[in-house]
Amino acid sequence: MRKRVHTPKFWLPYLQKDLYFYICILASFTIGGIIAAVFAFTLPELSCKELLLYLEDFFRNIEGSGADSAALFRSGLLSNLKNFGFLFFFSVTVIGAPFIAAFSAFKGFIHCFTLFFMFRVYGIRAGLFFLLGMLPHYLLLIPCYLCLCVVCLKFSLSLIREKQELTKTIPRLLATLALFFVLATMATLLQAYIEPLLIRLISGLYLP
């Protein structure tokens, strides 16, 4: 009888090899998310009201005239370029590893703060906003950045452990960054052109 090939046995060695790095990056991201939750739920009432006014203005604009998708896309693309440049710089720096972990924590804070704050002011309605207005691009963007941070962390630490011919390794690193940048750009397209349409359908739920 022919033995079945179990797919997990194929990729499991690769996952186990980099498991420590994934745990490190995920832990950093989680710490950032926890800090975001603390900030969101302990924010002073005055600051909370100011942010709520900003959110209501956002939903009012979305409901009335929609979003400037081209501007959103340009802004997201520029943000990704800056982030990728930051990660590349610290990848090729011997002391870059702590900064890459800090970047992951910062991303955890940024991505989680809005969600936790919305849960504070809108309650269960925030779940619907998350499903339609955040999750579509997060499904691509967050795994993209987490995996990219692992790649950059490994590269930075490898500069300490062993000598490398940078003329050979940096092109491979740049190729990996280019691949992840394509994924990040796809996430930005979702954020700029698809999510505003979905948010517009539910914007009335968040207006007084």
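- Counting only heavy atoms from C-beta outward, the side chains of Leu53 and Glu56 approach each other to under 4.5 Å.
- Between Leu55 and Tyr206, every side-chain heavy-atom pair lies at or beyond the 4.5 Å cut-off.
- The shortest distance between side-chain heavy atoms of Phe116 and Val38 does not fall below 4.5 Å.
- A distance-only check finds no donor-acceptor pair linking the side chain of Thr188 to the backbone of Leu77 [under 3.5 Å].
- Under the 3.5 Å distance criterion, the side-chain polar atoms of Arg120 are left unmatched by any main-chain donor or acceptor of Cys48.
- Note: Phe59 CZ to Ile199 CD1 = 6.5 Å, rounded to the nearest 0.5 Å.
- Cluster annotation: Leu81 and Phe88 are assigned to the same hydrophobic cluster (Ile/Leu/Val/Met/Phe/Trp/Tyr, side-chain heavy-atom contacts under 4.5 Å, transitive).
- Residues Leu141 and Asn80 meet the side-chain proximity criterion, which asks for heavy atoms closer than 4.5 Å.
- Each of Ser28, Cys152, Cys24 was evaluated against Ile100; a single residue qualifies, Cys152, per the side-chain contact (heavy atoms from CB on, under 4.5 Å) test.
- Taking all atoms of both residues into account, the shortest heavy-atom contact from Leu72 to Pro196 is CD1-CG, 4.2 Å.
- Residues Pro208 and Arg60 form a side-chain contact, since some pair of their non-hydrogen atoms from C-beta on lies under 4.5 Å apart.
- Residues Phe21 and Cys149 are not in side-chain contact: their nearest non-hydrogen atoms beyond the backbone lie 4.5 Å or more apart.
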Item checked: Val121/Leu51 under side-chain contact (heavy atoms from CB on, under 4.5 Å): CA gap, chis, key distance, verdict -> CA-CA 10 Å; Val121 296; Leu51 285 177; over 6 Å; no
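- Once rounded to the nearest 0.5 Å, the distance linking CG of Asn61 with CZ of Arg200 reads 11.0 Å.
- The minimum heavy-atom distance linking Glu195 with Gly133 is given by the pair OE1-O, 2.8 Å.
- To the nearest 0.5 Å, the span separating CD1 on Ile194 from NE2 on His137 amounts to 13.0 Å.
- Using a 30° and 60° split on the angle between ring planes, Phe103 and Tyr145 fall in the tilted class, from 30° to 60°.
- In this structure, SG in Cys144 is found 13.5 Å from OH in Tyr138, a value given to the nearest 0.5 Å.
- A continuous path of hydrophobic side-chain contacts links Leu174 to Phe86 [ILVMFWY only; heavy atoms under 4.5 Å].
- Considering all non-hydrogen atoms of both residues, Ile62 and Ala67 come closest at CD1-CB, 3.7 Å.
- Distance CG/Leu177 to CZ/Arg172: 14.0 Å, rounded to 0.5 Å.
- The neighbour count for Phe109 CZ, taken as heavy atoms of other residues, nucleotides or ligands under 6.0 Å away, is above 12.
- By the rule that hydrophobic residues join a cluster once side-chain heavy atoms approach within less than 4.5 Å of another member, Leu87 and Val182 end up as members of one cluster.
- Side-chain contact between Leu139 and Leu190: absent, with no pair of heavy atoms (C-beta onward) separated by less than 4.5 Å.
- Aromatic rings from Phe113 and Phe39 are positioned such that their centres are separated by 6.0 Å or more.
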Margin query: With side-chain contact (heavy atoms from CB on, under 4.5 Å) as the criterion, how do Leu201 and Leu132 come out once you've worked through the C-alpha distance, each side chain's angles and the decisive distance to 0.1 Å?
Written below: CA-CA 9 Å; Leu201 297 175; Leu132 298 181; 5.7 Å; no
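- The distance from atom CD1 of Ile142 to atom SG of Cys112, rounded to the nearest 0.5 Å, is 6.5 Å.
- Follow the hydrophobic side-chain contacts under 4.5 Å out from Leu179 and you never reach Leu189; the two are in separate clusters.
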Margin query: Quick one, Phe130 with Met118, criterion side-chain contact (heavy atoms from CB on, under 4.5 Å). Give me CA distance, side-chain angles, the key distance, then yes/no.
Written below: CA-CA 9 Å; Phe130 173 72; Met118 290 195 69; over 6 Å; no
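- The ring-ring contact (aromatic ring centres under 6.0 Å, His included) analysis of residues 174-198, with sequence neighbours excluded, yields the pairs Phe84-Phe181.
- Aromatic rings of Tyr54 and Phe117 (six-membered ring for Trp) have centroids beyond the 6.0 Å cut-off, not under it.
- Between the side chain of Ser79 and the backbone N or O of Gly76 there is no donor-acceptor pair closer than 3.5 Å.
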Note to self: Before you tell me yes or no, could you show the steps for Ile170 and Phe155 under side-chain contact (heavy atoms from CB on, under 4.5 Å), namely the whole-Å CA-CA distance, both residues' side-chain angles and the distance that decides it to 0.1 Å?
What the structure shows: CA-CA 9 Å; Ile170 285 184; Phe155 191 91; 4.2 Å; yes
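- At a threshold of 4.5 Å between side-chain heavy atoms, the hydrophobic network of Ile, Leu, Val, Met, Phe, Trp and Tyr places Ile35 and Leu146 in one connected group.
- A heavy-atom distance below 4.5 Å is found between the side chains of Phe73 and Thr185.
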